[in-house]
Amino acid sequence: MTVSRWCRITKAVDTFRRRRAPVEPDIPLLAARIRSRMFLSLRAEVESALRETLADLDLPSDDLGIEEPPEDVESVLASSVAFRLAGEAGAPPPEIAATVADAIDADHLEFVSRVETQGPYLNFLPSEAYFGETLEAAVDPDYGRLADREESVVVEHTSANPTGPVHVGRARNPIVGDAVANVLAYAGYDVARHYYVNDAGRQMAVFTWAYETFDEEDLESEPARDRVEYDLVRYYRKGNAFLENADDDAVEAAEAEIESIMQGLEAGDEATYERVSEVVDRVLGGMRECLARLPAEFDEFVKETRFMFDGQTDDVVARLKELDGAIYEEEAWQLDLSAQGIEKNMVFLRSDGTSLYPTRDLAHHEWKLENFDRAVTVLGEDHKLQAEQIRTSLDLLGNDADRLRQVIYSYVNLPEGKMSTRRGTGVQLDDLLDEAISRAREEVEDRLDDRIRDDDLGEEDIERIAHQVGIGAVRYDIVAKQPAKAITFEWDQALDFEAQSAPYVQYVHARCCGILEEAGIAVESEVETAFDPSLLETEAERDLLETIARFPAVVEEAADDLEPHRVATYTREFAEAFNAFYRECPVLASDVDEDLRDARLALVAASRHTMANALSILGVAAPRSM
RNA sequence: GGGCGUGUGGCCUAGCGGAGAGGGCAGAAGGUUCCUAACCUUCUGAUCGCGGGUUCGAAUCCCGUCACGCCCGCCA
């Protein structure tokens with residue numbers, strides 16, 4: 001990566017972060033916001049107290065070394081400044097730590113009860129108010145949802161060419177994309193979800209030609225599934241096979257027809273558009289049904305042809321030609337981006353005068369930047385170079401490219417290689433989901449006999465749980481991993497219901513619901529009885545509250561960095577904390593004091609809200625029983 | 001060949017400048033008259049690909065190297 005690009009990316013991240021500072025003087029809103037983000041409030045308090053103390057001691061305070069301590073340390077936040085100050089102050093780190101700890105007046109801090117040292121580390125221990133406020137905030141079913149930023153973001157994801165069934169190779173796109181959109185929405189952005197439909201490319205011209213040329217009897221096989229895209233993809237495959245294998249004259253004739261379709265679209269010919277649309281809309285309709293199973297829904301399907309017909313692509317071409325890097329070479333217009341660190345020229349106008357995908361995508365991106373404050377695109381690693389070209393070209397065309405961010409993921413491959421719609425290799429997402437549901441159903445039925453709880457699961461419940469767990473497991477498995485890591489698809493690995501998978505975290509939610517229902521509290525409603533947080537004194541209860549307190553910070557960081565997998569990591573940590581509480585702190589046992597019972601019920605309700613909302617960000621169902 | 005990305009116990013994975021590198025699976029041993037055991041506890045297992053460097057401190061930053069993936073089309 002070149003230095004200039006690194007700087008640009010860093011700048012983009014900074015801009016994104018800077019915007020999260022509240023600028024509106026809306027006091028109740030601010031209060032609600034601070035109130036609901038305990039961990040962040042604590043961090044802010046620790047930072048300012050530490051900075052002031054260091055200033056008082058005449059020590060530099062530019063790097064405070066604030067960090068989260070290891071699990072076995074009692075504090076919620078720690079600092080390693082003492083290491084950094086050792087040279088300056090001429091004393092060993094533990095000594096400095098002790099001096100600083102003594103100088104901090106914890107009595108004036110709201111969320112810090114005391115400051116301790118452990119060797120060179122400063123440890124900040126939470127106050128009663130920290131636990132109390134956390135519980136108060138988390139009893140709200142909307143806990144974790146950050147205040148409105150009054151800023152819109154368009155998240156474009158999936159955008160697979162409408163050539164056939166959605167296969168597992170690109171399943172990461174809707175799953176990661178939907179989670180990115182969800183986490184941004186939770187973080188207070190006004191989110192729109194877009195699917196960009198590539199209806200103007202050569203592939204769609206081939207498809208349209210093939211669909212119009214061949215008949216049912218020309219096709220070798222039956223549709224793999226009774227849905228439109230499985231039916232039509234056979235024409236697409238047939239067409240491609242024909243172009244590869246037929247004799248030269250036949251191929252030439254076919255190419256002429258394909259070319260005329262592309263020229264028709266370029267010219268804005270209504271009849272051609274109708275022909276292509278019939279194929280595009282039908283196939284897309286089937287793909288939407290598949291994606292809806294995840295579920296991944298979209299606010300808008302934006303067609304590429306739209307930017308050809310409205311003149312925006314021509315406008316982009318005209319402006320690109322005016323740029324310094326524009327060159328006319330080998331009868332085609334290209335953009336030399338070597339000055340921007342990209343060695344590969346971007347061709348933006350073919351020798352026959354038609355536009356290319358990147359040209360239209362530039363018009364599309366300008367449209368997004370006009371209509372939204374920010375734009376996020378989720379795309380496969382094979383589009384990385386193109387993404388850089390788009391970003392750089394947008395910048396050269398006078399757009400603020402920092403408002404655009406791209407999330408790149410690696411494809412899911414089969415052990416024997418890539419999945420391909422055209423060649424018909426690959427595992428269909430529908431099949432994966434079906435298999436997941438059926439395996440989940442087996443699990444539910446196997447467990448039916450030795451259930452302790454007598455809640456009499458009916459056939460409907462079994463069906464519901466099988467869907468929630470099966471689809472949840474597939475989504476969780478994908479969204480929990482960093483997108484940049486390559487995944488090789490294997491059935492048993494994708495459908496592992498063991499610990500650290502969706503059912504493990506879903507089970508926590510079901511346990512919460514079980515307790516609340518047993519106590520006669522409607523799961524969806526707010527907690528109405530009074531409770532006293534200070535009664536929650538055991539280590540398990542405190543750990544759970546500390547974990548709950550971190551949730552809004554997790555949402556914020558995941559949104560800032562567009563990394564929903566952090567929320568998945570959090571659900572695991574949360575499940576551990578809850579299971580320890582569940583094991584050690586009975587809620588409804590007869591020997592539990594009534595006030596303690598109420599406090600613990602509030603904690604269970606808070607836990608349920610936290611887990612339900614975290615799962616909702618991941619797009620994984622939160623079952624009320626399992 | 002060039003660019004970008006990824007390499008963490010047998011397998012999967014978190015951490016990406018600070019406290020014996022967390023989890024999970026697989027393997028071994030335990031736990032249910034008690035709010036669902038899709039749970040929990042304990043044990044076994046890691047020179048964080050390799051070699052240098054920067055730093056008080058490196059899995060994390062820098063350089064080199066190896067392996068794998070992706071890209072380098074007037075395709076999308």
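Proteins get letters first, then strands, A, B, ... in listed order; numbering begins at 1 in each. Just the heavy atoms: all of them, side chains too, but no hydrogens, waters or symmetry mates, feed the values below.
- Taking A/Ser625 as the reference, A/Arg464 meet the side-chain hydrogen bond (donor to acceptor under 3.5 Å, both in side chains) condition, with sequence neighbours excluded.
- For residues 596-606 of chain A, the side chain to side chain donor-acceptor pair (under 3.5 Å) pairs, not counting sequence neighbours, are A/Glu541-A/Arg600.
- Legend: side chain to side chain donor-acceptor pair (under 3.5 Å) pairs involving residues 502-522 of chain A, not counting sequence neighbours, sorted by first then second residue: A/His509-A/Arg608, A/Arg511-A/Asn579.
- Between A/His383 and A/Arg84, the residue whose closest nucleotide on RNA chain B is further toward the 5' end is A/Arg84.
- Shown here are the ring-ring contact (aromatic ring centres under 6.0 Å, His included) partners of A/His194, two or more places apart in sequence or in another chain: A/Trp367, A/Phe372.
- Contacts of A/Arg423 classified as salt bridge (Lys or Arg N to Asp or Glu O under 4.0 Å), with partners at least two apart in sequence or in another chain: none.
- Screening residues 570-590 of chain A for salt bridge (charged side-chain N to carboxylate O under 4.0 Å, His left out) gives A/Arg550-A/Glu573 as the qualifying pairs, with residues at least two apart or on separate chains.
- Every residue two or more places apart in sequence or in another chain that forms a side chain to side chain contact (heavy atoms under 4.5 Å, CB included) with A/Glu442 is listed here: A/Ser438.
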Protein-nucleotides 42-46 of chain B N/O pairs under 3.5 Å:
none

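- Residue A/Pro70 has its side chain nearest to B/A19 when only B/G22, B/A19, B/A38 are considered.
- Applying the salt bridge (charged side-chain N to carboxylate O under 4.0 Å, His left out) test to residues at least two apart or on different chains, the pairs with a partner in residues 355-364 of chain A are A/Glu304-A/Arg360.
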Dump the pairs, protein N or O against N or O of nucleotides 29-35 of chain B, anything under 3.5 Å, distances to one decimal.
from, atom 1, to, atom 2, distance (Å)
B/C35, O2, A/Val587, N, 3.2
B/C35, O2, A/Leu588, N, 2.9
B/C35, N3, A/Val587, N, 3.0
B/C35, N4, A/Tyr582, O, 2.5
B/C35, N4, A/Cys585, O, 3.0

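- One donor-acceptor pair, N or O on each side, does fall under 3.5 Å between the base of B/A19 and the side chain of A/Asn123.
- With sequence neighbours left out, A/Glu329 forms a salt bridge (Lys or Arg N to Asp or Glu O under 4.0 Å) with no residue at all.
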Expected rows: protein N/O vs nucleotides 12-16 of chain B N/O, under 3.5 Å:
from, atom 1, to, atom 2, distance (Å)
B/A14, OP1, A/Gln482, N, 3.2
B/A14, OP2, A/Lys485, NZ, 2.9
B/G15, OP1, A/His565, NE2, 3.3
B/G15, OP2, A/Gln482, NE2, 2.5
B/C16, N4, A/Gln482, NE2, 3.1

